2 protein chains.
Amino acid sequence: MERRLTARGRERRRQLLDFAAERFATRGYHSTSVTDIIEGVGVGKGVFYWYFSSKEELFLEILREAMVELRQAQQEAIADEPDPVHRIEVGIRSSLVWLDTHRNLFALLEFAVGEERFGPALRHGQKIAVADVARQVEMGMEQGRIRHGNPELLTHAILGVTNQLTRVFIHERGGRGSDIADDAVAFCLGGLLGQDKILSSALPHTTVR
Amino acid sequence: MERRLTARGRERRRQLLDFAAERFATRGYHSTSVTDIIEGVGVGKGVFYWYFSSKEELFLEILREAMVELRQAQQEAIADEPDPVHRIEVGIRSSLVWLDTHRNLFALLEFAVGEERFGPALRHGQKIAVADVARQVEMGMEQGRIRHGNPELLTHAILGVTNQLTRVFIHERGGRGSDIADDAVAFCLGGLLGQDKILSSALPHTTVR
DNA sequence: GGTGTTCTTGACCGGTCGGTCAAGAACACC
DNA sequence: GGTGTTCTTGACCGACCGGTCAAGAACACC
C-alpha cells in the first residue's frame, strides 16, 4: 500500500528530484552516482532509497515531469487559437522558450532518447504531442495552405529543427529561445507551405514529385 | 615510437573496432564493458590493451572514422555540381542514404553529441561540414535564390531535419533513406527558399521580419 | 638454433557502484 | 508515557568495472 508522506517528507523528496535533475543534466546520468546526489542534498544513503526504489526510477520520474511540463506549456500557448498554421507557429515559439528556460530538462530529454531504458518512455510521451501537431498539419493541408505530404514526417521535421537549433544556439552557445524563434518559424513554415512551383523553379536539374 | 603492426595484428585490431562499434551502437557505450568486447571477439583482455590504451580511446577512434566516412560520402555525392541549391539537395540525400546504410554509426554520433568526453570531438568534426553547407547557403543568398538569414542557423535547421527523420523513420521504424529523401529535401528547400510573400500570406496574425 | 618483436592469456588489482539494513531520531496521536 | 509511523544514518555488501602484468606462443629474420 502506498505510503503517506508528510510535508517534511515531500519537501525532502522534492530536494532529491531537483538536485538530481540538475546533476543528471550537467554531468550525465551515468556519471552521476547516488552518492553524488545524497551528498549534494546533504542526507544519508537510506533517505534516497526511502523515497525512490532505484536511481533509474528517479530518472524516469524526472523525465515524466519534464514531458508533462513541456506539453502544458505548449497547450497553454496555443490555447484557443483557431488557425492551424498559426497554432503550429505558436507551438514552435513556446517550445523554444520553454526549452530555453529549462535547459537542464532539455539535456535530459536529449540524453534519454538514445537510452534503451528511457527512450521508450520518452517516445511514448512524445507520441501524443506529435499526433497533436500532425493534426494541425493535416488541417492546414485540408485548407490547401500546407502542401500535400506525410503529416507525421513533417511534424518530425519541425521537431528536428527545434531540437537542433535549441542544442546549438541555446544549449551550446548560450543564446535565447526568442533569438532564434523567428528564424525557426520561418524555416519550418517555409518547409510546410513551400509550393511545388517554388521548388521547381529553384531546382533546374530536378523534377519535384 | 609507434609500434608496427603485422597484417595479423591489423586484422585483429579491425575486429575489435568493428565489434565494439556494433556493440556501442546497440547496447550503449556505458552498458558495454571491455569484457563484453573481448568475449565477443573471442580474445583475452590483454589483446584489447595491446591495441588500445583505453575503452575511451577505442570509442573516439570509431567516432573519428564515422565522421570521416560520412564526410567523404557527402563530398563524393556533391562532386563538381556547380549549383549551390542543388549541392545542398544532393548533400541531404547522400547524408540520408549514408545514415541509412550505417545505422550503427548514426547511433554512435547521436550518443556522442551529448557526452562531455566525446561531444567536443564530434562538434569539432562537424564544424567543418557545417561551414561547407553554410557556404552553399550564402552563395544561394547571393544569387537571390535563398531568402536572407543566418546561414549557419539555416544549416543547423537542415541538420536537425536530417537527423530527426533518420532517427524516427530509419532508426526506429526501419525505413529507408531513399523513402524520406524527397520529403526531407522538399521541407528543407522550402525552409530555405520560402519567400516573405508566402510567409505573410500564410500568417494573417503575424508580421514577418 | 638464437634473437627480437608482435601477439596472446587470464589471474589479479584497487576502486567504485547500486542497493540493503539494523538502529535510532523525529513526530503525531492517544 | 506508550505506541506507531515517517524520516534518517552510514557501515556494509556483492558485483562489476577498467586496467595491469608476468608469462608464454607465434612469427620473422639472421
Side-chain angles (χ1 to χ4, degrees), chain A residues 1-24 26-63 108 111-112 115-118 121, chain B residues 1-24 26-63 108 111-112 115-118 121:
Chain A
M1 148 185 323
E2 183 100 345
R3 175 199 309 128
R4 235 163 51 91
L5 296 187
T6 63
R8 177 182 173 211
R10 285 197 298 275
E11 166 157 349
R12 178 67 86 203
R13 191 173 196 278
R14 185 75 257 161
Q15 285 177 343
L16 288 165
L17 279 161
D18 290 345
F19 186 91
E22 193 272 338
R23 256 325 176 91
F24 286 148
T26 54
R27 307 286 182 84
Y29 175 80
H30 295 285
S31 306
T32 299
S33 63
V34 172
T35 300
D36 289 331
I37 297 171
I38 58 166
E39 283 180 359
V41 176
V43 294
K45 181 73 74 72
V47 164
F48 182 96
Y49 288 96
W50 173 258
Y51 293 112
F52 304 99
S53 61
S54 66
K55 180 183 165 187
E56 177 173 331
E57 176 191 291
L58 168 67
F59 187 85
L60 278 168
E61 182 163 336
I62 291 169
L63 203 59
L108 298 184
F111 158 77
E115 283 280 312
E116 189 170 348
R117 283 181 289 176
F118 307 124
Chain B
M1 141 183 332
E2 181 101 344
R3 175 196 310 128
R4 242 169 39 98
L5 295 187
T6 62
R8 178 182 173 210
R10 286 197 297 275
E11 165 156 350
R12 178 67 86 202
R13 192 172 195 281
R14 185 75 258 162
Q15 285 177 344
L16 289 163
L17 280 162
D18 290 346
F19 186 91
E22 193 272 339
R23 256 324 178 92
F24 285 147
T26 54
R27 306 286 183 84
Y29 175 80
H30 294 285
S31 305
T32 299
S33 63
V34 172
T35 299
D36 289 332
I37 297 170
I38 58 165
E39 282 179 1
V41 175
V43 295
K45 183 74 74 73
V47 163
F48 182 96
Y49 288 95
W50 173 258
Y51 294 112
F52 303 98
S53 61
S54 67
K55 181 184 165 188
E56 177 174 331
E57 176 192 291
L58 168 68
F59 187 85
L60 278 170
E61 182 163 336
I62 292 170
L63 203 60
L108 298 184
F111 158 77
E115 283 280 311
E116 190 170 347
R117 282 181 289 175
F118 307 124

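Each chain gets a letter, A, B and so on, in the order its sequence line appears, and its residues count up from 1. Everything numeric in this text was worked out from a predicted model, so none of it was measured. The figures here come from the full heavy-atom set of this structure, side chains too, leaving out hydrogens, waters and symmetry mates.
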Worksheet item: Once each nucleotide of nucleotides 11-17 of chain D is scored for protein heavy atoms under 4.0 Å, what B/S/- sequence comes out, 5' to 3'?
Response: ------S
Fill in: Reading 5' to 3' through nucleotides 22-30 of chain D, protein heavy-atom contacts under 4.0 Å coded B for base, S for sugar-phosphate only, - for none
----SS---
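Closest non-hydrogen pair, A/Ala21 versus A/Ile62, comes out as N-CD1, 3.7 Å. The two residues A/Leu16 and A/Val43 come nearest to each other via the heavy atoms CD2-CG2, 4.5 Å.
Where B/Ser53 and A/Gly9 meet DNA chain D, the nucleotide closest to each residue was compared, and A/Gly9 sits on the side nearer the 5' end.
Across all strands, B/Tyr51 comes closer than 4.0 Å only to sugar-phosphate atoms, never to a base (heavy-atom distances). A/Ser54 comes within contact range of the sugar-phosphate backbone alone, with a heavy-atom separation under 4.0 Å but no base atom that close.
As a whole-Å value, the separation of A/Ile37 CD1 from D/dT9 C1' is 18 Å. For the pair A/Tyr29 OH and C/dC17 P, the interatomic distance rounds to 13 Å; values are reported in whole Å. Straight-line distance from the CZ atom of B/Arg13 to the C1' atom of C/dT6: 14 Å, rounded to whole Å. For B/His30 and C/dC17, the NE2 to C1' distance is 14 Å, given to the nearest whole Å. Taking atom CZ of B/Arg12 as the reference point, atom C1' of C/dT8 lies 8 Å away to the nearest angstrom. Between the P atom of C/dG19 and the CD1 atom of A/Ile38 lies a distance of 13 Å, rounded to the nearest Å. Following rounding to the nearest Å, A/Arg14 (CZ) and D/dC7 (C1') show an atom-to-atom distance of 19 Å. At whole-Å resolution of the value, CZ in A/Arg4 and P in D/dG4 are 17 Å apart.
Between B/Phe24 and B/Phe111, the ring centre distance reaches or exceeds 6.0 Å.
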Practice prompt. Quick one: do A/Val47 and A/Val41 satisfy side chain to side chain contact (heavy atoms under 4.5 Å, CB included)? Show the steps, please.
Written response: CA-CA 10 Å; A/Val47 164; A/Val41 176; over 6 Å; no
Worksheet entry | Verdict with supporting geometry, A/Thr26 and A/Arg23, side chain to side chain contact (heavy atoms under 4.5 Å, CB included) | CA-CA 5 Å; A/Thr26 54; A/Arg23 256 325 176 91; 4.3 Å; yes
Practice prompt. Take A/Leu17 and A/Tyr51 through the side chain to side chain contact (heavy atoms under 4.5 Å, CB included) test and state the conclusion after the steps.
Written response: CA-CA 10 Å; A/Leu17 279 161; A/Tyr51 293 112; over 6 Å; no
Worksheet item: Can you list the steps and then say if A/Leu5 with A/Arg12 is a side chain to side chain contact (heavy atoms under 4.5 Å, CB included)?
Response: CA-CA 10 Å; A/Leu5 296 187; A/Arg12 178 67 86 203; over 6 Å; no
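Closest to the side chain of B/Leu5, from the set C/dT9, C/dC7, D/dT6, is C/dC7. For B/Tyr49, the side-chain atoms get nearest to D/dG18 when compared with the rest of C/dT8, D/dT8, D/dG18.
Applying the side chain to side chain donor-acceptor pair (under 3.5 Å) definition to pairs two or more places apart or across chains, those involving residues 52-62 of chain B are B/Arg13-B/Glu61, B/Ser53-B/Glu57, B/Glu56-B/Arg117.
When each of A/Val34, A/Asp36, A/Thr35 is tested with A/Thr32 by the rule side chain to side chain contact (heavy atoms under 4.5 Å, CB included), just one qualifies, namely A/Asp36.
With a 3.5 Å ceiling on both atom-pair distances, the Watson-Crick or G-U wobble partner of D/dG19 is C/dC12. Across all strands shown, D/dG24 forms a Watson-Crick or G-U wobble pair, both distances under 3.5 Å, with C/dC7. Pairing partner, C/dC29: D/dG2, with both Watson-Crick or wobble hydrogen-bond distances short of 3.5 Å.
Within 6.0 Å of atom CZ in A/Arg27, 12 or fewer heavy atoms from other residues, nucleotides or ligands are found, so the atom counts as exposed in its surroundings.
A sub-4.0 Å separation between OP1 or OP2 of D/dC7 and a side-chain N or O of A/Trp50 is present.
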